[in-house]
Novice: 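Sending over a structure as structure tokens; questions will come in a sec.
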2 protein chains.
Amino acid sequence: MKSDLPPTIYDIARAAKVGIGTVSRVFNNHPSVSNDTRSRVLKVASRYNYQPHPMARGLARRRTNAILVYLPYFTSFFFVEILQSVQSVLGDAGFDLILHGVKHPGNAAESMQKPTTRGRVDGILFFSMKMPEEVLKEYERLSIPLVFVDTHHPAVDSYFVENVRGSRIVTEHLIEKGHVDIGMLNAVRDSSPARERLKGFRDALKEHDLPVNPEWIIHAPPGPLDGFTKESGYHAMKQLLALPKRPTAVVVSSDIQAIGALEAVREGNPKQKIAITGFDDIDLARYFELTTMRQPMSEMGALAANRLLERMQHPGLPPIQRSFVPELIVRKTSAVKAVEHVS
Amino acid sequence: MKSDLPPTIYDIARAAKVGIGTVSRVFNNHPSVSNDTRSRVLKVASRYNYQPHPMARGLARRRTNAILVYLPYFTSFFFVEILQSVQSVLGDAGFDLILHGVKHPGNAAESMQKPTTRGRVDGILFFSMKMPEEVLKEYERLSIPLVFVDTHHPAVDSYFVENVRGSRIVTEHLIEKGHVDIGMLNAVRDSSPARERLKGFRDALKEHDLPVNPEWIIHAPPGPLDGFTKESGYHAMKQLLALPKRPTAVVVSSDIQAIGALEAVREGNPKQKIAITGFDDIDLARYFELTTMRQPMSEMGALAANRLLERMQHPGLPPIQRSFVPELIVRKTSAVKAVEHVS
DNA sequence: CGATTTCATGGAAGGGCTTCCAAAAATACG
DNA sequence: CGTATTTTTGGAAGCCCTTCCATGAAATCG
């Protein structure tokens, strides 16, 4: 009396008076099933409310129809947008999305060794973190398709933003506005976007023969989200404002930090104007009239998801590296005049 | 020469000179394995880098260690926060989180019949949508543990916010501030939070013997996210401002709409002050100094996730209904003085 | 019309695990 | 030391599919 357990392929086969192979073929759209049989099977199946058991399928087919999305603790606005487009692409292709938020991007390695990895997913979308070489090796060994987003590695399909270039562009924007004394509020020093954005900043100053004042380059202390937080921006700006001599403009390494910085400025002496730029162009940026560098997040997400699907079909494709140059979005926070300082 | 395929339990058993049953027991912490054997197996397993195949496990055990999270298109700030706490609870318990974003909450029913549902997950966390009765029946039949968040049903564990009450509280706040002419900008008319919040609004006015002006109650047109969007708030407010006679205060059914409404006001005649309140207390609200009703999102998420785990262990628990009264957060947007209007 | 070829079908063999039962080994008991 | 218990162990059966091979039926051909 296994009466109310979900029906299996055997139940359907029996009820439709066909073999299990035929039922299976029907459900896999295999061409060699006569129309008669096919429709009979389908009718029976729908009467029994039959659905193939995904686990059994996964086991037999050696695939799971699920892909893992690995990203830093996903509270950040940046990821919500990407997730959305990723889900849309994967969902349409019939894949489930398994989410793994990593609390501290630092220990990505550790959390990646969890059993989830093996055999549970057909592919991995890996975001914004540095993947330890040994983990990468492991995935290669298991030949699990892998795509990087917002991070890169020569051996892996990578979709990322040209941070150095973006940062240089925004810095140059400030320079063009006449600023000479420019500072930078950065994320945690050893995070790779932080390093790259710092480089772009330096490059721009150098190219324009402007001095780099080390006092004006403030890195976030080690902390959550690698310092890409409001709080980090707020404190950094407070620190900057406390200096005897301050810059007239500040390049901030992310919008969210820039917003924190704006708050710090607002709290301070209102006379003390200071130009501020962000990076990311998150939704919020518009409200704060924040000049920033727009990253094509949804586009990157969708492209990466598609690439993953492609790679799952054709492993052995050579890895591609696709970079995006972020776009300068000018708003009011950079419209502060440089103090007449030049002499 | 199946040399570089992942090792199976048989490989480990052979290498450790034990039976497969023993290996299995080791990996399931079954007590009746001698310490010697256990450690020998573990050593071999780690040498081979063995990990049990989750699909095979799922098939044999009839469970998957994954839970499905069903929510309206997850771009909304509200959900990010909940997701975060849910993931943390489930992750700690060793469960994977499979995400399904529903684009149009209206057709939840349709998308829920996708094959994913069956056998792929051990439980479902269902957010903020109305679950069609027949779908609910189906889940009951399959006895899939189910927990509702931000929505409720007597037969299902539900964690939700008391919208009616919250809406009344915020409306009363405006009344206490001296407002008499109060309007409401609501989400799509037939969404349940919209209905409830409208009721709370009406109740408050009625109780204080204030008139309800139907012209001042504006519902969002059918659209994405049930009208819980900036755009919807913006347009509704424009519409309201265009009226010959306007209210001095407006209760808005969500923060995100309220922010849109604020934008509309800002664009309009700057002299025309109007008090505005939101609902949710999303992160943004603070920046806009928005008076609003705070919902304990993380708490709800965590409780719901825990409940789901509990229910998976003990099916047959009676459903519990837990409601949360949102908390009034007073900020500046409600500090606009009521125009001296009383006569 | 008999001989090929093509099409549709049934079902065994696997996929990798858990679980149960029976058997072996270790331990306790008198 | 023999017997009764208890602890460990091995491995068949089963979880529910897909896939491949073999077979029978239908269609095609000369």
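Order of the sequence lines fixes the chain letters, A, B, ..., with proteins taken first and strands second; residue numbering starts at 1 for each chain.
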Novice: Assuming nearest nucleotide by heavy-atom distance, tell me which of Arg62(B) and Arg40(B) is located more 5' along DNA chain D.
Specialist: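 On the 5' side of the pair lies Arg40(B).
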Novice: Which nucleotide in the list dT18(C), dT9(D), dC17(D) gets nearest to the side chain of His53(A)?
Specialist: dC17(D)
Novice: Nearest to the side chain of Ala56(A), heavy atoms from C-beta on, is which of dT19(C), dG16(C), dC17(D)?
Specialist: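 For Ala56(A), the side-chain atoms sit closest to dC17(D).
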Novice: Taking Asp157(A) as the fixed residue, which of Gln321(A), Arg322(A), Arg311(A) is the one that meets the side-chain contact (heavy atoms from CB on, under 4.5 Å) rule?
Specialist: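 The single option meeting the side-chain contact (heavy atoms from CB on, under 4.5 Å) with Asp157(A) is Arg311(A).
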Novice: Specify the separation, in whole Å, of atom NE2 of His30(B) and atom C1' of dT8(D).
Specialist: 10 Å
Novice: Find the distance Asn35(A):CG to dA8(C):P and express it as a whole number of Å.
Specialist: 8 Å
Novice: Calculate the interatomic distance between Phe27(A) atom CZ and dT19(D) atom C1'; express it in whole Å.
Specialist: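 The answer, rounded to whole Å, is 17 Å.
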Novice: Does Tyr10(B) place a side-chain N or O at less than 4.0 Å from the phosphate oxygens OP1/OP2 of dG14(C)?
Specialist: no
Novice: Ignoring backbone atoms, establish whether Thr22(B) has a side-chain N or O less than 4.0 Å from OP1 or OP2 of dG10(D).
Specialist: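 For Thr22(B), the contact criterion (side-chain N or O under 4.0 Å from OP1 or OP2 of dG10(D)) is met.
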Novice: Tell whether Arg25(B) reaches the base of dG10(D) with its side chain through a donor-acceptor pair below 3.5 angstrom.
Specialist: yes
Novice: Taking Thr8(B)'s backbone N and O only, do any of them form a donor-acceptor pair with Asp11(B)'s side chain (distance below 3.5 Å, no angle check)?
Specialist: yes
Novice: Taking for each residue the nucleotide of DNA chain D bearing the nearest heavy atom, is the 5' side occupied by Leu59(B) or by Ser32(B)?
Specialist: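 Whichever sits nearer the 5' end wins; that is Ser32(B).
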Novice: What is the distance, rounded to the nearest whole Å, between atom CG of Asp11(B) and atom C1' of dG15(C)?
Specialist: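 So the CG-C1' distance, Asp11(B) to dG15(C), works out to 13 Å.
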Novice: From CD1 of Ile20(A) over to P of dA12(C), roughly how many Å is that when rounded to an integer?
Specialist: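 Taking atom P of dA12(C) as the reference, CD1 of Ile20(A) is at 8 Å.
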Novice: Between Phe127(A) and Phe148(A), is the ring centroid distance below 6.0 Å?
Specialist: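 No.
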Novice: To the nearest 0.5 angstrom, please state how far the CD atom of Glu133(B) sits from the CD atom of Glu140(B).
Specialist: 8.5 Å
Novice: Quick check for you: among dC17(D), dG10(C), dT18(C), whose closest atom lies nearest to any side-chain atom of Ala60(B)?
Specialist: dT18(C)
Novice: Please check the phosphate of dC16(D) (OP1 and OP2 only) for any side-chain N or O of Thr8(A) closer than 4.0 Å.
Specialist: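 Checking Thr8(A) against dC16(D): no side-chain N or O falls below 4.0 Å of OP1 or OP2.
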Novice: Could you tell me how far apart Arg14(A) (CZ) and dC17(D) (P) are, to the nearest whole angstrom?
Specialist: 13 Å
Novice: Let me know the distance between CZ of Arg38(A) and P of dC7(C), rounded to the nearest Å.
Specialist: 15 Å
Novice: Has the side chain of Ser158(B) got a donor or acceptor atom that lies under 3.5 Å from a matching backbone atom of His152(B)?
Specialist: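 No, Ser158(B) side chain to His152(B) backbone: no donor-acceptor pair under 3.5 Å.
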Novice: What's the closest nucleotide to the side chain of Thr37(B) if the choices are dT8(D), dG14(D), dC17(D)?
Specialist: dT8(D)
Novice: Picking from dC17(C), dT18(C), dC17(D), which would you name as closest to the side chain of Ile9(A)?
Specialist: dC17(D)
Novice: Please work out if Ser34(B) contacts a base, only the sugar-phosphate, or nothing of the nucleic acid, heavy-atom cut-off 4.0 Å.
Specialist: sugar-phosphate
Novice: Round to the nearest Å and state the distance from Arg61(B) atom CZ to dT19(C) atom P.
Specialist: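 In whole Å, dT19(C) P lies 7 Å from Arg61(B) CZ.
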